[in-house]
Amino acid sequence: MTLTTRLERIPPAEVRLAEDTAALLQAMGIVVVHLFGPPGSGKTSLILRTVESLTGKVRPAVVVGALSSQAEPSPLDNLDLPSVQVNTGGQPCLNANMLREALEKLPLADVDLVLVEEIGTLTIPVEHSLGENLRVVVASLPQGEDCPSRYPEPFAHADAIVLNMVDLQPYLGFDRARFQQAVRRLNPQTPIFELSCRTGEGLETWWDWLLEEARGRAS
Ligand SMILES: Nc1nc2c(ncn2[C@@H]2O[C@H](COP(=O)(O)OP(=O)(O)OP(=O)(O)O)[C@@H](O)[C@H]2O)c(=O)[nH]1
Ligand SMILES: [Mg+2]
């Protein structure tokens with residue numbers, strides 16, 4: 001007789017918690033955007049440029065994942081808005097429990113939009129949500145045009161893709177059309193925002209999309 005035991009990657013209690021978080025956010029009209037990408041792709045820079053522009057239009061807050069309590073302080077800690085740093089205790093990424101605990105530490109009655117910076121990695125299980133509304137991959141030119149083909153899962157499950165550091169194009173000879181084709185093979189519909197947090201190029205289109213998504217989902 002063969003005895004087969006199937007181990008789920010995500011424990012059912014986590015899945016239920018994620019569903020509960022999603023329901024809570026919907027009831028409160030709060031939009032949570034989960035930003036993930038490889039180390040150094042510009043996640044923090046994008047959040048800084050985004051809250052700078054959106055404050056006054058929505059009430060933002062941030063959640064920042066860190067691998068340990070020894071992590072460098074983030075520039076996001078000094079913003080004049082609610083923020084929570086989550087120490088994952090060495091876990092490679094946030095889970096539904098960590099996100100929920102972080103959200104409960106925020107003054108949710110005074111918040112419309114939460115930007116969550118994931119630990120820098122593209123090897124995370126993204127097929128299940130943590131309860132967030134939107135998942136955004138932040139890639140950048142130094143990862144190469146074939147980054148989507150090397151890490152298909154996050155690109156396939158993203159609600160939007162940011163390609164940061166386009167100011168480096170003249171130095172890296174990055175083929176943007178090849179990057180777009182690689183994304184389209186995995187995710188035909190998702191918007192792709194090519195921008196530079198350094199020069200500001202392309203940021204306005206990203207801000208407009210995010211604001212529209214936030215308002216649309218909150219109403
Ligand atoms: N040239 C250029 N540099 C950028 C741009 N955006 C960010 N950087 C720089 O890239 C480095 C990494 O940016 P971060 O925003 O810290 O990246 P991150 O994804 O938050 O990094 P981790 O949290 O360590 O994974 C910093 O030195 C930024 O100043 C950009 O558009 N162009
Ligand atoms: Mg960062």
Side-chain angles (χ1 to χ4, degrees), residues 32-55 60-79 81-95 98-99 102 113-126 130 132 134-145 147-148 150-151 153-155 157-176 179-180 183 191-210:
V32 174
V33 183
H34 189 178
L35 298 148
F36 46 87
S41 64
K43 299 174 292 298
T44 302
S45 305
L46 185 66
I47 293 176
L48 285 169
R49 298 297 301 247
T50 301
V51 296
E52 206 176 273
S53 157
L54 296 190
T55 305
V62 296
V63 171
V64 187
L67 272 173
S68 78
S69 54
Q70 310 295 313
E72 287 279 299
S74 167
L76 300 174
D77 300 338
N78 302 323
L79 292 172
L81 47 82
S83 75
V84 179
Q85 192 178 102
V86 185
N87 170 5
T88 65
Q91 295 297 313
C93 56
L94 300 172
N95 62 27
M98 294 173 197
L99 178 63
L113 175 70
V114 184
L115 298 169
V116 180
E117 178 176 349
E118 182 56 87
I119 309 270
T121 177
L122 274 177
T123 50
I124 60 175
V126 284
L130 308 184
E132 73 277 64
L134 292 168
R135 288 184 283 178
V136 177
V137 171
V138 183
S140 64
L141 267 59
Q143 278 88 55
E145 303 89 346
C147 181
R150 287 183 287 119
Y151 301 97
E153 271 202 30
F155 285 90
H157 289 90
D159 296 298
I161 289 159
V162 169
L163 178 64
N164 185 32
M165 305 196 191
V166 294
D167 57 294
L168 298 179
Q169 167 109 35
Y171 314 102
L172 299 180
F174 185 96
D175 185 341
R176 293 201 215 175
F179 178 85
Q180 297 240 2
V183 171
I192 303 172
F193 300 97
E194 299 186 348
L195 53 82
S196 166
C197 290
R198 181 67 56 86
T199 65
E201 178 187 347
L203 276 169
E204 205 137 327
T205 321
W206 154 253
W207 293 329
D208 289 349
W209 176 83
L210 188 59

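Counting convention: from 1, in listed order, for ligands and their atoms alike. Note that the numbering runs from 1 along the sequence shown for the chain.
- With a 6.0 Å radius and a threshold of 12 heavy atoms from other residues, nucleotides or ligands, F174 has its CZ atom above the threshold.
- Residues satisfying the side chain to side chain contact (heavy atoms under 4.5 Å, CB included) test with P191, not counting sequence neighbours, are A160, F193, W209.
- Taking a heavy-atom cut-off of under 4.0 Å, ligand 1 is surrounded by P39, G40, S41, G42, K43, T44, S45, E117, G120, N164, M165, D167, L168, S196, C197, R198.
- Here CZ of R150 is found 7.5 Å from CD of Q143. Values are rounded to the nearest 0.5 Å.
- The distance from the CZ atom of R135 to the NE2 atom of H157 is 6.5 Å, given to the nearest 0.5 Å.
- Across every non-hydrogen atom of V183 and I161, the tightest pair is CG1-CD1, 3.5 Å.
- Below the 2.8 Å limit, the Mg ion (ligand 2) has as protein N, O or S neighbours T44 OG1, E117 OE2.
- Side-chain contact between Y171 and L141 is absent, with no heavy atoms from C-beta onward closer than 4.5 Å.
- With rounding to the nearest 0.5 Å, the separation of CE in M98 from CD in Q91 is 5.5 Å.
- With V116 as the partner, the side chain to side chain contact (heavy atoms under 4.5 Å, CB included) test is satisfied by one option alone out of L99, L134, L35: L99.
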Sequence neighbours excluded and cut-off under 3.5 Å, please list the side-chain donor-acceptor pairs for residues 198-206, or say none.
from, atom 1, to, atom 2, distance (Å)
T199, OG1, S196, OG, 3.2
T199, OG1, E201, N, 3.2
W206, NE1, T50, OG1, 3.0

